[in-house]
Each structure stands twice: as structure tokens, then as C-alpha cells.
Amino acid sequence: MTTVAPREQRAGTREWLGLAVLALPTLLVSMDVSVLHLAGPAITLDLGATAQQMLWIIDVYGFMIAGLLVTMGSLGDRIGRRKLLLIGAAAFGVASIVAALATTPEALLISRAALGIAGATLMPSTLSLISAMFADPRQRGMAIGLWVTMFSVGIALGPVIGGALLQVFWWGSVFLIAVPVMALLLVAGPLLLPEYRAPEADPIDLVSVALSLGAIMPVVYGLKELAVGGNTVVATVAIVVGAALGYVFARRQRRLTTPLIDLTLFRSPAFSTAAVAMLMAMFVAGGTYLYVTQYLQLAQGQSPMTAGLWLLPAALGLIVTSMAAPALAGRFAPAHIVAGGLLISIVGHLMLATVGPDSALWVAVVGFSLTYAGGGPLIALGTDLIVGSSPPEKAGSAAAISETSTELGMALGVAVLGALGTFVYRTQLADAPVAGGTDTFAGTVEAAGGLPGAEGAELVAAGTQAFTSALSTIGLVSAVLSAVMAVAIVLGLRSRTPG
């Protein structure tokens, strides 16, 4: 028998309008990811960024969000969720303007880090306010579902809007999308959103925050240095230092009464399987998106606008499968739905693994569309699988880990798979019979433009061969990772039943 909440608990017009306001940051964050990948080649050429700098520019945003999500959630409990959301919105708008006006790779990198810090205030504040505004469980479920859908809509709109802006304006215009959105949030937020503070906020452990960032950043730096042929000793030391800080972080979490991340949740095989699967799904998506966007523009010669349109089928496929998955979960086991989606992704990744210099455009477009469509069920059901695999009294900590896994997975995918692709590209180009290439495909294409006809054509051909080899390697690695995830999900989440 369905329980109906009393009328006074049911949300009204103000709450639903408030939900529309809260959907704006989610829409913007997902758009920000897709448009920046599309702008990558233009940024590389205009600012003279190296391959390593571009990887940092793209993924420092995700690392800062992942490292500060839980901290910002605790800060919001103390000063008020609405207040933190509005402060973050103002900071995000300012940082977006600074990023748009950056004239050096270093300036853009710093502004992207600032965007990540501001972005970390948006997600936990938004979810907490939705929970406070919608007391009726059925309305709350619908509200969260609509809010999550905006993430997929943002991914769909990002390439189209970003491509149109890049077609007409300079690359900085993709950052300015945030300014009117955040301005609207600042105006409407105080009118439509309630303030919320936790009655007893947990203390913020700044040491754990520093250790979490200190564990991730050196390891990523070391991997990128190795990929671009940097100082091997420095890279190795960085990786070792990061691993040591990670160990200290884990030990500290076990001793704290209120840890930054409750590692005891990972003792549950179902929880750890779901959390790792969510991280790996975003890991694969981040690295794949990075290379496909460059392939369309540089290897296939598509304009930013046209490339954005070719990415649209993938985004639409993601929307369809992510919206269908919750309905299917009422009839089939969630693990089987997610694993079935990953099988579709595997086919897409294997198609990308076949891409070569002479491949038709449709091979990459169809392959990429399948990878995104196949990941939809895991994105849609991932948070529920993670929270549902944890004790009810730890649902808040589980949700925080789910959000962190999503952001960290995307950033790690760009970092690690991006570094792997760079290594393959550099190795292949170094063995080519023609000289003049750079450590980025965009730079190589530009360098070829300054050479005589035949030499320039040979350099472009060598760069295309090297880059498609990198894309093929990432496709193959992603297919293997997706297969491992599918098996792990079926085995680790077999206890979760339909409904």
C-alpha cells in the first residue's frame, strides 16, 4: 500500500521553481566538461600549451572537485547550504571570466583550479537543498531524477553550444557560458531556495583534506611526466610520495571519529564493487571523450560546430539509456541492466580500437555513441547501487563517496588514459621517417602548415597515424576495463533484486 505524505509536506510551486534553479549548476557542470574537450585543439594552438599542460588544464577541475566535495558539504552544514551555494556561484562566475581571458597555459590552469574549488560547493549544496525542499518521498525521488537528468542534457547540449561558439568566437567564449547562468542563480536563489543548516555539523578535518589532495596530485604528475618523457627520477619520486600520503590518509580515516571518507563502507563487497564501477565508468568516459573530440577535428578535419553535431548522437544515446534504466530496474536485476549496458560499451570501444588513418568518420561516431549509450545505466543507477549497498545510517557518507567517485573517475581518466595516449603518440611519431612533429597532434598539424607541400603532407600523415594509434590503444584498454567491470558487477551485486 502506497503511503501519501500529508498535504503540508508536499512541495508546491515555489519548491518546483527552486528545483529549476538548482538544476542550473548541474547543467552547467556537465556542459563545462564537454565544451572544454571540444575547445582543446584551439587552446593548444592559441596558448602554445604542451600535451602535459593541456591534460592538467582539463582535469585539474575534476581533481579539485573530487578532493573538496566532502569538505564543502561539511562547510555547508556549518554556514548554510544556500549561502555556500550562492558564494560558490559567484566564485564560479568570476573564475569563468578569468579563464576566458587567460593568455598563458599557466593562467588558464590556475583559473581552472579555482573553477574546481567553486564547483565543489555546488553539488553537495544542491542535493541537500533538494532533500530539505521535498519532504514527500515520491516527490523527492522525482525531483532527484529530474535533477540527474539535467546532467545528461548538459552533455547533449555542450558539444552543440560549444561548437557554435567556437565557430564564431574565440575559445574563451566556452567559459563565458557560465556567467549568465550563475547570475540567474544569484538572483533567483535567495527568492526560491530555503536556507538549511545541519543541527550538529561534523568538524572539518583539514589535515585529511590536504592528505587526500596530496595523495592524488603527485601520482598524476608522475604518470604524466613519464608519458611525455620527462625526468624519470622526479616522476618516480612523485609517485612514491603520493602513494605514501595515500597510505597515511587511509590510516588517519580509520582513527578519526568523523572521517572525511568512511573507509569502513568498503568492507562490503557490494558497496566496493558499485563504487569502483562508478569510478571506472567515468574513468573510461573521460579518456575516450578527450581523444574522440580531437580525432573529429584534427584527423577528420571537422569544424568545432560540425564536430559538436557528430557528438550529439552519443549524448542522446546516454539520455535514452539513463532514463530507461530506472524503469527496467523494476523488472530486472540492476546488476544485469548495468552489465548489459557495459556489453554495449565494449562493442563501441572495440570499434574505436579499429580506427586508423583511413577509417570512415562513421566508425568513430558509431563507436563513441555505443560507449556512451552503454554507460547510461550505470550512471543512472550507480548512486542508488552505492547507497543501497550501505547501512541506512551511513547513507550520507555513501552518497558523498558516490559523488567523489564520479568526479575523481572523470579526472583520472583524462590524466591516466590521456598520458597513455600521449606516450603512444610520441613513440609512434618518433619512429616516423619525417621530422618536425610536436608532442600534441594539434601542434604537429600546425607545424606541417609551414612546410612545403609534400613534406607537410607527410608530417600530417605521420601525425594522423600516431594519433589514431593512440585512440586505438585507448579503445582497447577501455574495452578490457569495461569487460572486467561487467563481470565484477554481476558477481558483486547479485544480491540486489529487481525494484
Specify the closest pair of heavy atoms between [X] and [Y], including all atoms of both residues, with the distance to one decimal.
| X | Y | value |
| --- | --- | --- |
| Gly341 | Pro377 | CA-CG, 4.4 Å |
| Gly418 | Tyr291 | O-OH, 3.2 Å |
| Gly214 | Leu245 | O-CD1, 3.3 Å |
| Gly222 | Ala235 | O-CB, 3.5 Å |
| Ala238 | Pro218 | O-CB, 3.2 Å |
| Gln428 | Ala466 | CB-CB, 3.6 Å |

Close side-chain approach of [X] to [Y], heavy-atom, < 4.5 Å:
| X | Y | result |
| --- | --- | --- |
| Leu85 | Leu22 | yes |
| Tyr425 | Ser469 | no |
| Ser359 | Tyr295 | yes |
| Leu352 | Thr371 | yes |
| Leu370 | Val366 | yes |
| Val284 | His349 | yes |

Take Leu115 and Val60 through the side-chain contact (heavy atoms from CB on, under 4.5 Å) test and state the conclusion after the steps.
CA-CA 9 Å; Leu115 280 170; Val60 70; over 6 Å; no

Can you measure from [atom1] ([X]) to [atom2] ([Y]) and round to the nearest 0.5 angstrom?
| X | Y | atom1 | atom2 | answer |
| --- | --- | --- | --- | --- |
| Ser111 | Tyr61 | OG | OH | 12.0 Å |
| Phe92 | Leu185 | CZ | CG | 11.0 Å |
| Ile344 | Ser482 | CD1 | OG | 12.0 Å |
| Arg81 | Leu193 | CZ | CG | 13.5 Å |
| Met485 | Met278 | CE | CE | 11.0 Å |
| Leu84 | Thr121 | CG | OG1 | 5.0 Å |

Ile489 pairs by side-chain contact (heavy atoms from CB on, under 4.5 Å) with which of Val484, Leu342, Ile337?
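Single pass found, and it is Leu342.
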
Check Leu417, Leu350, Ile346 against Ser478 for a side-chain contact (heavy atoms from CB on, under 4.5 Å) and give me the one that passes.
Leu417

Please tabulate, for the side chains in residues 269-276, all donor-acceptor contacts under 3.5 angstrom to protein atoms that are two or more places apart in sequence or on a different chain.
unit_1	atom_1	unit_2	atom_2	d
Ser272	OG	Ser268	O	3.2
Ser272	OG	Pro269	O	3.0
Thr273	OG1	Pro269	O	2.7

Treating [X] as the side-chain partner and [Y] as the backbone partner, does any N or O pair qualify as donor plus acceptor under 3.5 Å?
| X | Y | answer |
| --- | --- | --- |
| Thr468 | Gly356 | no |
| Tyr372 | Gly317 | no |
| Thr354 | Met351 | yes |

For Ile110, enumerate each residue passing the side chain to side chain contact (heavy atoms under 4.5 Å, CB included) test, keeping only those at least two apart in sequence or located in another chain.
none

Could you please spell out the steps behind the side-chain contact (heavy atoms from CB on, under 4.5 Å) verdict for Arg112 and Phe175?
CA-CA 10 Å; Arg112 282 284 291 172; Phe175 290 104; 3.8 Å; yes

Which residues pass the salt bridge (Lys or Arg N to Asp or Glu O under 4.0 Å) test with Arg252, sequence neighbours left out?
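Per chain and number, Arg252 pairs via salt bridge (Lys or Arg N to Asp or Glu O under 4.0 Å) with Asp205.
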
